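Note sheet for the following structure.
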Amino acid sequence: MKIIDEQLISSGKDIYLAGGCFWGTEHYFKQIEGVVETSVGFANGHTANPTYKEVYTDTTGYAETVHVKYNPDVVSLEFLVKMFFKAIDPTSLNKQGHDEGTRYRTGIYYTDVEDLPVIEKVFAEEQKNYQQPLAVEKLPLKNYYTAEEYHQDYLDKNPDGYCHLPESLFEFARQAKEKK
């Protein structure tokens with residue numbers, strides 16, 4: 001368990017990442033040095049205070065999303081976005097692994113417009129690896145609602161729980177270091 005400096009949490013930067021099922025996406029990002037806090041929830045939908053059961057119907061417009069708070073002195077947004085692309089199939093629309101539906105779409109939702117050039121730079125670099133266009137949303141965050149408590153840190157609480165990401169990806173994230 002990481003010990004986190006409360007002042008660092010309040011002064012950290014935020015990015016919201018939708019990478020399919022939020023259980024694995026959260027666990028993946030928690031492994032990366034410089035990530036100081038995560039939560040899972042629902043982003044960019046059109047209803048107020050959605051529940052998991054409501055989002056699961058694919059009628060609310062929400063994507064399962066991980067709120068990542070990070071220390072920019074330790075890890076850059078560019079590095080985090082590059083790591084995000086290593087954990088998703090960026091050409092798959094509304095599907096990651098065996099999970100299908102609009103709630104599993106991929107996206108990067110930002111709260112600071114100054115982050116957009118960095119995000120666009122990584123998108124352009126990634127697009128060079130594919131002939132088809134990327135199916136990853138790149139939008140300002142409209143809204144975010146935290147999911148129910150049992151979804152938070154799900155794979156820590158349920159080590160054998162379902163995850164669309166391979167265990168090797170978590171180890172990759174633990175070992176990944178940004179070259180500064």
Side-chain angles (χ1 to χ4, degrees), residues 1-2 4 9-10 12-32 35-70 77 80-81 83-113 115-116 119 123 126 132-167 169-170 173:
M1 178 179 209
K2 291 182 186 175
I4 299 170
I9 289 174
S10 63
K13 296 262 306 168
D14 299 285
I15 193 71
Y16 294 78
L17 304 166
C21 176
F22 52 27
W23 294 341
T25 304
E26 178 188 39
H27 196 70
Y28 174 72
F29 278 96
K30 286 173 60 174
Q31 309 308 310
I32 299 172
V35 171
V36 295
E37 185 178 291
T38 59
S39 70
V40 297
F42 316 111
N44 284 15
H46 56 263
T47 62
N49 300 307
T51 64
Y52 179 77
K53 187 175 179 180
E54 291 167 342
V55 172
Y56 198 80
T57 66
D58 274 343
T59 60
T60 63
Y62 284 97
E64 288 195 11
T65 301
V66 179
H67 174 198
V68 175
K69 189 172 281 280
Y70 64 97
L77 176 61
L80 290 174
V81 174
M83 291 295 288
F84 172 73
F85 275 101
K86 293 185 183 310
I88 63 167
D89 175 350
T91 63
S92 181
L93 181 64
N94 300 330
K95 182 180 189 308
Q96 292 294 304
H98 297 296
D99 301 317
E100 292 187 54
T102 58
R103 69 191 171 279
Y104 296 122
R105 69 186 182 271
T106 54
I108 299 175
Y109 309 118
Y110 55 91
T111 58
D112 183 347
V113 73
D115 290 342
L116 187 55
I119 297 166
F123 263 74
E126 285 295 322
Q132 65 270 50
L134 301 181
V136 180
E137 293 183 329
K138 173 181 43 176
L139 299 167
L141 183 72
K142 289 191 314 189
N143 51 28
Y144 176 81
Y145 293 94
T146 304
E148 295 87 344
E149 180 56 35
Y150 71 92
H151 292 291
Q152 307 302 321
D153 304 309
Y154 183 84
L155 290 176
D156 289 337
K157 297 173 191 170
N158 303 279
D160 296 325
Y162 168 78
C163 183
H164 71 289
L165 298 176
E167 180 66 35
L169 201 57
F170 302 137

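Keep in mind that what you see is a predicted model, and the values were worked out from it rather than measured. For the single chain, residues carry numbers from 1 onward in sequence order.
If you look at Y162 and Y154, their ring centroids are not closer than 6.0 Å.
For the side-chain contact (heavy atoms from CB on, under 4.5 Å) test, residues two or more places apart in sequence or in another chain that qualify with T59 are T57.
Taking the side chain as every heavy atom from C-beta outward, L134 and T106 never approach each other to under 4.5 Å. Contact check for C21 versus E64: side-chain heavy atoms found under the 4.5 Å cut-off. With contacts defined as side-chain heavy-atom distances shorter than 4.5 Å, the pair L17/T65 does not qualify.
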side-chain contact (heavy atoms from CB on, under 4.5 Å) evaluation trace for D153 with E26: CA-CA 7 Å; D153 304 309; E26 178 188 39; 3.5 Å; yes

Worked check of side-chain contact (heavy atoms from CB on, under 4.5 Å) between I15 and F84: CA-CA 11 Å; I15 193 71; F84 172 73; over 6 Å; no

Derivation of the side-chain contact (heavy atoms from CB on, under 4.5 Å) call for F123 and I108: CA-CA 10 Å; F123 263 74; I108 299 175; 3.6 Å; yes

I88 and T25: CA distance, side-chain angles, deciding distance, side-chain contact (heavy atoms from CB on, under 4.5 Å) verdict: CA-CA 9 Å; I88 63 167; T25 304; over 6 Å; no

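Minimum interatomic distance between V40 and Y144 (heavy atoms only, all atoms of both residues): C-OH, 3.0 Å. In this structure, D58 and G101 approach most closely via the heavy-atom pair OD2-CA, 3.1 Å.
Proximity of a side-chain donor or acceptor of E148 to a complementary backbone N or O of Y52 within less than 3.5 Å is detected. Panel note: side chain Q31, backbone F170; no donor-acceptor pair is recorded below 3.5 Å. Not a single donor-acceptor pair under 3.5 Å links the side chain of Y62 to the backbone N or O of N143. Using modelled atom types, one side-chain atom of H46 and one backbone atom of T60 make a donor-acceptor pair closer than 3.5 Å. With Y28 contributing its side chain and M83 its backbone, the two residues share a donor-acceptor pair below 3.5 Å. Proximity of a side-chain donor or acceptor of K138 to a complementary backbone N or O of L116 within less than 3.5 Å is not detected.
Sequence neighbours left out, not one pair with a member in residues 83-102 passes salt bridge (Lys or Arg N to Asp or Glu O under 4.0 Å).
Under the 6.0 Å distance and 45° angle rule, R103 counts as a cation-pi partner of Y56.
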